[in-house]
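Note that the structure is a prediction, hence the values are computed from the model and not measured. Along the sequence shown, residues are numbered consecutively beginning with 1.
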Amino acid sequence: MASKGITSAQSDFVSDYAPTRSGEEGAHIRDLPSASQRSPKWNVNSRAYLCAAIGFLGIFLFGYDAGLGGGVLVLPSFASDFGIEGTAEHVADLQGNVVSIFQGGAFFGALGSSPIMDKMGRKWSLMVGCVVFMIGGIVQTVCFGNLNQFYIGRLVAGLGVGLMSSVCPTYSSEIAPKEIRGRVTGQFQVIVVTGVAISFWINYAVSLYPASAGSLQWRVPIGFQLVPVGLMMILLPIMKESPRWLATKDREDLALKNLAWLRKADEHDEYVLAEFAEITAAIAEERAATKGASWRECFSKGNPIRFGIAFVIFTLQQWSGQNSISYYAPTIFKAIGITGSSTSLLASGIYGIVKIISTGIFIAFGIERFGRKKPLAIGVAMMSGFLFIIGAVFNTHPPVVGSGTVSSASIAMAVMIYLFVIPYCFSVGPLPWVICAEIFNNRTRSYGLALTASTQWFWNFVVSKCTPLMVIGMPKGGIFFFFAVINIVSFGLTLLLPETQGKSLEDMDLLFGSVTQEERDAGVARRAAELHATEKMADEHEHVEDRK
């Protein structure tokens, strides 16, 4: 093996990308066949899907805890064990604390994820997140009537999920071929909504427990969260480390080996070598631009706009209204007249199923067909429309408290909530994660996804803390009108976004103006020439040794 990880058997390919004697550039990597063209087998990318799915088990916890907090709060046993009683405002404040403390921990976990990812890599950073979450989950499950202890467990669990929420999209985007990157990264949202739905249904199931069950009623849903994280810890060792992270650490031999394994191809495969050459050339450009200081790259040419997009898109996502409904679905359904603890939890469970089906269909069949920008714009426009309708019906036909029956207006509002979540599932649900996992270059991706996840968790914290009080303080459908206006703003800003579908991660530097196409082609050719020269010197050295 030569010093740069390219074997002599691969030198023929490398020489094709070196400049010719007349000074012309070699062949263009972008002219090579794609993975799907190269191999029509359906399972050619199965390893990329598998490794991403293992990493996304941690994201199941993201969704599960999102639905868990709001559902557990309405269980009589939880309120009794932890003394949640008093005025409506006091109870709402305690509910906000229980839910939002998890988001607060996740914010700090995401914020601190970048140095951990850069030091340990993507794979073992996920293991750290699992261990931290496991500690927090155990503390929550075993506490007895001490709300402060429960808060500590939620905070620690949040730290673990926050770390994983940054690492998972980073890893999935780095291992996926560009042809299916949206589908692979989009698994993030499918797993999130699956976690939310399962938490809703578990909450509904335990709400049917007899009163004699006592604290078991709330311990079952709390303890269940330890199952997926335990499974993840068992499966993590079979994952391959990100080839792009390895390349940034100059471990190019292992980077090439892992890339070939993920593509189910030989290390000498032309497509694999082309992708590898483009990756290493882009990393060399990034280092040259900032003299090796990674954090400075966040402010180099073409990068500030990417960080701006990440912050804005997730700010607007969190204020779209969906998270308020997810976290407090039982409370929201009660507010529109769906009365009774079990009834509101059942309505929440149906809401979760709608999300799974809608998100799964879009990720499987739509995201690589329609791109990112168009579905995002259409989705937020439709969400705004449904929210205006819900607000209008609520304003003109408010539910009658204590009536004991569900009015036709309440049913209509519930249907509108179910319809509202469908455009969410093909727009601001999955697409911000996909877009932000794509737009950053190799040496700033950990910083970018740390900002992305921490922004998401910060506003998550604020929204979850404010929602119970907003339900009380914005009567007559005001909360729905508020979120509808936010989505109108999102629509206008979405029109300014660039389309990222079908572009390699290295092409994002071209899209955002960090480099020109000519500079990139010259860099790839130069990198290939260096590798070829290194290999040629190794061959000559071997011949000299043979003559001796």
Pair R445-T248, side-chain donor/acceptor within less than 3.5 Å: no
Candidate list F60, Y171, W433, test ring-ring contact (aromatic ring centres under 6.0 Å, His included), partner F188, passing option: W433
CG on L505 to NZ on K178, rounded to 0.5 Å: 10.5 Å
4.5 Å side-chain heavy-atom contact, P498 and F512: yes
Worked verdict on V462 versus Q318 for side chain to side chain contact (heavy atoms under 4.5 Å, CB included): CA-CA 9 Å; V462 174; Q318 292 306 301; over 6 Å; no
Minimum heavy-atom distance between S427 and P423, given as atom pair plus value: OG-O, 2.5 Å
Between N442 and E174, a side-chain donor and acceptor under 3.5 Å: no
Positive for side chain to side chain contact (heavy atoms under 4.5 Å, CB included) with V434, one of T185, I439, I363, T500: T185
Flag side-chain contact, heavy atom, 4.5 Å: Q187 against I59: no
Heavy-atom check, side chain of I180 versus side chain of Y49, under 4.5 Å: yes
Note, I175 side chain near P243 side chain (heavy atom, < 4.5 Å): yes
E506/R244 under salt bridge (Lys or Arg N to Asp or Glu O under 4.0 Å): CA gap, chis, key distance, verdict: CA-CA 11 Å; E506 287 66 37; R244 285 178 165 88; 3.0 Å; yes
Any side-chain heavy-atom pair of F314 and F458 under 4.5 Å: no
Exercise: identify the closest heavy-atom pair between G160 and V132: N-CG1, 3.6 Å
Min side-chain heavy-atom separation V128-V167 under 4.5 Å: no
I116 backbone acceptor or donor facing S125 side chain under 3.5 Å: yes
Worked verdict on R443 versus I283 for side chain to side chain contact (heavy atoms under 4.5 Å, CB included): CA-CA 7 Å; R443 284 166 57 80; I283 292 171; 4.1 Å; yes
Working for side chain to side chain contact (heavy atoms under 4.5 Å, CB included), residues M382 and F386: CA-CA 6 Å; M382 292 178 65; F386 285 126; 4.2 Å; yes
Any donor-acceptor N/O pair, S172 side chain to P169 backbone, under 3.5 Å: yes
Heavy-atom pair of closest approach, residues S199 and Y64: CB-O, 3.3 Å
Side chain to side chain contact (heavy atoms under 4.5 Å, CB included) evaluation trace for E241 with L254: CA-CA 9 Å; E241 182 55 83; L254 185 56; 5.8 Å; no
E275 and R263 ion-paired at < 4.0 Å: yes
Test item: Q456 and T452 side chains (from C-beta on) under 4.5 Å apart, heavy atoms: no
Of K503, R306, R372, the residue whose pairing with E438 passes salt bridge (charged side-chain N to carboxylate O under 4.0 Å, His left out): R372
Nearest heavy atoms of W245 and R122, plus distance in Å: CD1-NH1, 3.4 Å
Plane angle bin for F426 and F362 - parallel if under 30°, tilted between 30 and 60°, otherwise perpendicular: tilted
Closest heavy-atom pair and its distance - F491, A377: CD1-O, 3.2 Å
pair V428-L316: side-chain heavy atoms closer than 4.5 Å: no
Ring geometry between W459 and W319 (parallel below 30°, tilted from 30 to 60°, perpendicular above 60°): perpendicular
Heavy-atom closest contact (V184 atom, A48 atom, distance): CG1-O, 4.4 Å
